[in-house]
Amino acid sequence: MKKYLHLDCEMGGLDLQHSLLTAYFLVTDTDFNKIDELYLRLCPNDGNYFISSLAMEKNKIDIIEHDKIATPYKKAGTILYEFLQKNGLKENPIPVGQGIRGDLRFIWNYLVSRFTWETFVSYRYVDVRSLCIFLQACGKISPEVTGGLKSMVEYFGIEPNIPELDWHDAKYDTYMAMRVYQKMLELVK
């Protein structure tokens, strides 16, 4: 059985020098049935965050409250390793997300090495932003869609149904990107 590993991360900024703050992983089958999930709230091993005010304004993470429940990178790396080991290897799930390459860079830098990741997860990935550009070139999606997650969600008429969460929460964005991917597949089938 093939699987997907939907994911999203929230960081303290766009460069790898910024702290990785949250990471959400959702394993599904190819019919998008949930198999397993992992939500990590993270902090640097030394407790010293490197964040930008612009990123924090966007992701709305209250760093004081976040720090009270955050797991240090080293321990979180072990938790992620065990999660990947449990859900990967034989099927090597395909990672899916929006702007996923940046998220993968942070995961490999702070939690598990790229080698470890690719032991359990496919090195191929699906980026819904890239698919949006492709589908626009094919005339399947309006050129007005920006490729941003919110723009794609609105275009496909996806109703967010996670009331306790909002944009720029790793879990919320993961679910929205998964739903966008579902709609894209329906569009071309």
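In terms of modelled atom types and a separation under 3.5 Å, the side chain of Ser142 and the main chain of Glu144 share a donor-acceptor contact. Gln98 places a side-chain N or O within 3.5 Å of a backbone atom of Gly147 that can act as its donor or acceptor partner. Looking only at distances, a side-chain donor or acceptor of Asn45 sits under 3.5 Å from a matching main-chain atom of Lys74. Remark: the backbone N or O of Ile63 is not paired with any side-chain donor or acceptor of Asp67 at under 3.5 angstrom. Side chain of Ser19 to backbone of Ile51: no donor-acceptor contact under 3.5 angstrom is found. Side-chain N or O atoms of Asp15 include none that pairs as donor or acceptor with a backbone N or O of Gln17 at under 3.5 Å. Gln136 places a side-chain N or O within donor-acceptor distance of the main-chain N or O of Val145, the cut-off being under 3.5 Å. Distance alone, capped at 3.5 Å, is enough to place a donor-acceptor pair between the Asp169 side chain and the Lys171 backbone. Side chain of Asp173 to backbone of His168: a donor-acceptor contact under 3.5 angstrom is found.
For Phe83 and Phe120, the distance between ring centers is not under 6.0 angstrom. Taking the six-membered ring for Trp and the full ring otherwise, Phe32 and Tyr4 have centroids separated by under 6.0 Å.
Remark: Arg179 CZ to Thr174 OG1 distance equals 11.0 Å, nearest 0.5 Å. With values rounded to the nearest 0.5 angstrom, Arg129 atom CZ is found 12.0 Å from Leu131 atom CG. With rounding to the nearest 0.5 Å, the separation of CG in Asp36 from OG1 in Thr28 is 11.5 Å. Atoms CZ and CG, on Phe25 and Asp103 in that order, are 8.5 Å from each other to the nearest 0.5 Å. Separation of atoms CH2 (Trp108) and CG (Leu16) is listed at 11.0 Å; rounding is to 0.5 Å. The CG atom of Leu26 sits 9.5 Å away from the CG atom of Leu7 when rounded to the nearest 0.5 Å.
Closest heavy-atom contact between Ala70 and Cys43: CB-CB, 3.7 Å. Taking both residues in full, the closest heavy atoms of Val128 and Ala177 are given as CG1-O, 3.8 Å, listed atom of the first, atom of the second, then distance. Summarising the geometry of Val180 relative to Val153, their closest heavy-atom pair is CG2-CG2, 3.8 Å, with the distance given to 0.1 Å.
Around the CD1 atom of Ile69, the shell of radius 6.0 Å holds more than 12 heavy atoms that belong to other residues, nucleotides or ligands. Residue Ile79 qualifies as enclosed at atom CD1: its count of foreign heavy atoms under 6.0 Å is above 12. When the shell of 6.0 Å around OH of Tyr123 is examined, it contains 12 or fewer heavy atoms from other residues, nucleotides or ligands.
Looking at Thr119 and Thr116, their side chains never bring a donor and an acceptor atom within 3.5 Å of each other. No hydrogens or angles considered: nothing links the side chains of Asp127 and Tyr181 as a donor-acceptor pair under 3.5 Å.
No continuous path of hydrophobic side-chain contacts links Leu21 to Leu111 [ILVMFWY only; heavy atoms under 4.5 Å]. Residues Ile141 and Met178 are members of one and the same hydrophobic cluster, defined by side-chain heavy-atom contacts under 4.5 angstrom among Ile, Leu, Val, Met, Phe, Trp and Tyr. Under the 4.5 Å side-chain contact rule for hydrophobic residues, Tyr49 and Tyr110 do not share a cluster. Hydrophobic clustering of Ile, Leu, Val, Met, Phe, Trp and Tyr side chains at less than 4.5 Å, counting indirect connections, unites Leu135 with Ile158. Hydrophobic cluster membership is shared by Leu187 and Val96, with clusters built from Ile, Leu, Val, Met, Phe, Trp and Tyr side chains linked at under 4.5 angstrom.
The pair Glu57-Lys60 fails the salt-bridge criterion, with no side-chain N (NZ, NE, NH1 or NH2) lying under 4.0 Å from an Asp/Glu carboxylate O. At a threshold of 4.0 Å, the pair Glu65-Lys68 counts as salt-bridged, since one of the basic side-chain nitrogens sits closer than that to a carboxylate oxygen.
Side-chain contact between Tyr175 and His6 is absent, with no heavy atoms from C-beta onward closer than 4.5 Å. Side chains of Lys3 and Ile94 form no contact here, defined as non-hydrogen atoms less than 4.5 Å apart. Counting only heavy atoms from C-beta outward, the side chains of Leu5 and Asn87 never approach each other to under 4.5 Å. Two residues are said to be in side-chain contact when any heavy atoms from C-beta on lie closer than 4.5 Å; Ser151 and Tyr155 fail this criterion. Taking 4.5 Å as the limit, every side-chain heavy atom of Asn59 sits out of range of all side-chain heavy atoms of Trp167. Under the 4.5 Å side-chain criterion, counting only non-hydrogen atoms from C-beta, Pro93 is not in contact with Lys2.
A salt bridge (Lys or Arg N to Asp or Glu O under 4.0 Å) check over residues 110-124, counting only residues at least two apart or in different chains, returns the pairs Arg114-Glu118.
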* To do: Test side-chain contact (heavy atoms from CB on, under 4.5 Å) on Lys183 and Met152 and set out the steps.
  => CA-CA 10 Å; Lys183 292 288 187 181; Met152 290 185 281; over 6 Å; no

* Carefully, step by step, assess Ser52 and His18 under the rule side-chain contact (heavy atoms from CB on, under 4.5 Å). => CA-CA 8 Å; Ser52 76; His18 290 97; 4.1 Å; yes

* **Derivation of the side-chain contact (heavy atoms from CB on, under 4.5 Å) call for Asn92 and Val121** => CA-CA 4 Å; Asn92 282 53; Val121 181; 5.8 Å; no

* Evaluate the side-chain contact (heavy atoms from CB on, under 4.5 Å) criterion for residues Leu185 and Gln182: first the C-alpha distance (whole Å), next the side-chain angles of each, then the deciding distance (0.1 Å), finally the verdict. => CA-CA 5 Å; Leu185 289 174; Gln182 284 177 285; 5.8 Å; no

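Ring geometry for Tyr24 against Tyr39 counts as perpendicular: the plane angle is over 60°, on a 0 to 90° scale with 30° as the lower cut.
The side-chain contact (heavy atoms from CB on, under 4.5 Å) test with Glu10 is passed by exactly one of Thr22, Leu42, Leu20: Thr22.
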